[in-house]
Amino acid sequence: MVGVIRRMHHLKDKILALRNGPGAALLPENVSRIHVEFCHRMNGGHMGPRKFWQENLPKIKFWNPAVPIIVNRLEILDGPAKMTIYFRDDKTSAPSTQSNIQLNSSSTGTSPAPAPADGERTVVVDMKARHSTDILSEFLAITSAVPVKATPQEEMEMRELEDLKRKGEIDRTETRNALEAERREKARLALAMNEAASIKAAAT
Amino acid sequence: MASTSQCLASLVRLSIATATRRPTPSIIPKFLLPSVVTPSFIRHASGSGSGGMRKRAPKKKKAYKTFRSYDQSDLEKYSLCDAMRYLRAFEVGQAPHIIKYEVHVKLKAAKNGPVVRNRIRFPFAVKSDTRIGVICPEDSPMMEEARQLGAVAMGEESLFESIRAGNFPFNKLICHTDSKEALKKANVGKLLGPKGMMPSERHGTITSNLKTTIGEMIGSDEYRERDGVVRMAIGQLGFSPQMLADNLKAVMESIKRDMDGIIEDGHPKSLDEVVLSTTHGPAFSLDGKFNPTDEKIQPQDLQSAM
């Protein structure tokens, strides 16, 4: 198994990136579920939705673990790219959506956006040919989500990790230079030895 | 042996041959210099001729008899629900029955000696794709037995018909000994053989005891210790915290039992660390607790659809 310190650096890096940054926001109570649909291939305006899934959705999921986030990736080349946000009416009780059959995420396009349940309304966002930051800002505006700020402790940890990365880069350059110099020296020595051997062979 | 003049001559020619390059004195390897002209001006730090930098023999690498065990004071450990919350966030949008939780159990163990190795039946099956078909006489008690054991397709002529039609509702096929003759006559070997599903006595798939054969096929997973670590999948991403905890408990109890047997034979082994991960997620060391540390999060929040 990999050593403890190296593993902790890797984990801290991942966790801090998950807890903070664009998408780290608390959704209000009335958002019941989110459905995202786009294509596997990025051409045709599906790069933004895909980046939104890869970079922002994990953060939204972390801060709102109880909200189902379903991603339906289509195999067709020129499909739609849209996000459906389901809002629960304040009057109805919470478990109304729980009783419905909930589809799971799919990479083969088998979970299309379900129709809203009783007491649910939907807002559909067209994501095609838009940048992920653009999609995220519209999502945050529609849901009126509250962004989460990093704690001082987390900010300190992030700075420490940044420092560590910088130092690591310097060390890596130094080591690489030393190693390359050593290799160059070795190659020159080998060349000289070869030449000397051939001259020797020619002389005798 | 080359004489001094020979060597010097070769050096001259060497410099001619590489005239385009800047002549650097360091290019001449030391061994080319004749021993008679070894410069006498080399001085050693000690001052006396016999002292100086003594060459040390290369350090011998210590051979460890046990696998390396790390100091865990810098290790942050997480409760099961905390680790699940992070991992579910990392795996957002993935199909929940395909992505698996996996556990890595590090042991303090010797590099030689027996290893932990066994099969386990989980309280909640991890493998999502075992569908068993059973060939047995129609309307026999075996058919009912197979249905109760979890087979998805059973029968004799009806099953052959669906196979001939290219319809395979199963991915593992077994045959009862009573239907052996019917299977031979059915002439389906050409269809089943390429898929590796043709029942045969050699593979133990023609059997008179359906219960043990089906039991071996579904829900039993194998694990073994490699390099002092037992790694295995223990759950699907869609599992609730309680389901995962039950499976984890089953694995840990099974490994403990195996270790006890090995310890009794005089080979010390003990538990070092338990790490939880998923197919794409990072690894979280577990502290043995269950509840989330964030009081706003409840365990039932971690079982929503993925």
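By convention in this document, chain letters (A, B, ...) are assigned in the order of the sequence lines, proteins followed by strands, and residues within each chain are numbered from 1. No experiment lies behind these values; they were computed from the predicted model shown.
- Taking CG of A:Leu18 as the reference point, atom CZ of B:Phe90 lies at 4.5 Å (rounded to 0.5 Å).
- Both the backbone and the side chain of A:Ile69 come within less than 4.5 Å of a heavy atom in chain B.
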For residues 224-235 of chain B, run the donor-acceptor check on the side chains, cut-off 3.5 Å, and write out each pair with its distance to 0.1 Å, sequence neighbours left out.
{"from": "B:Glu225", "atom 1": "OE1", "to": "B:Val116", "atom 2": "N", "distance (Å)": "3.0"}
{"from": "B:Glu225", "atom 1": "OE1", "to": "B:Lys269", "atom 2": "NZ", "distance (Å)": "2.8"}
{"from": "B:Glu225", "atom 1": "OE2", "to": "B:Lys269", "atom 2": "NZ", "distance (Å)": "3.1"}

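- At a heavy-atom cut-off of under 4.5 Å, chain A is reached by B:Glu273, B:Val275 from residues 271-279 of chain B, listed in order of number.
- Here the CG-CG distance, from B:Leu237 to A:Asn104, works out to 9.5 Å after rounding to the nearest 0.5 Å.
- The local environment of CE in A:Met42 is sparse, with at most 12 non-hydrogen atoms from other residues, nucleotides or ligands closer than 6.0 Å.
- Annotation: A:Arg41, atom CZ; neighbour count of heavy atoms from other residues, nucleotides and ligands within 6.0 Å does not exceed 12.
- Annotation: B:Lys289, atom NZ; neighbour count of heavy atoms from other residues, nucleotides and ligands within 6.0 Å does not exceed 12.
- Between B:Lys296 atom NZ and A:Leu26 atom CG the span is 6.5 Å, to the nearest 0.5 Å.
- Heavy-atom distances place both the backbone and the side chain of B:Leu75 under 4.5 Å from chain A.
- Within residues 142-162 of chain A, no residue has any heavy atom closer than 4.5 Å to a heavy atom of chain B.
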| request: Might you work through the side chain to side chain contact (heavy atoms under 4.5 Å, CB included) test for B:Phe284 and A:Arg7, ending with a clear yes or no? | output: CA-CA 9 Å; B:Phe284 291 83; A:Arg7 246 163 59 203; over 6 Å; no
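- Looking only at side-chain heavy atoms (C-beta outward), B:Tyr78 and A:Ile15 come within less than 4.5 Å of each other.
- Contact annotation for B:Asp71: only backbone heavy atoms (N, CA, C, O) come within less than 4.5 Å of a heavy atom of chain A.
- Put simply, the side chain of B:Ser304 gets close to the backbone of A:Pro65: a donor and an acceptor are under 3.5 Å apart.
- Below 4.5 Å, heavy atoms of chain B meet heavy atoms from A:Trp53, A:Leu57, A:Pro58, A:Lys61, A:Phe62, all part of residues 44-62 of chain A.
- The contact between A:Met1 and chain B is made by backbone and side chain atoms together, counting heavy-atom distances below 4.5 Å.
- The structure places OH of B:Tyr70 at 7.5 Å from CZ of A:Arg6, a figure rounded to the nearest 0.5 Å.
- Annotation: maximal heavy-atom pairing with chain A below 4.5 Å, among B:Ile297, B:Asp294, B:Asp74, B:Leu302, occurs at B:Asp74.
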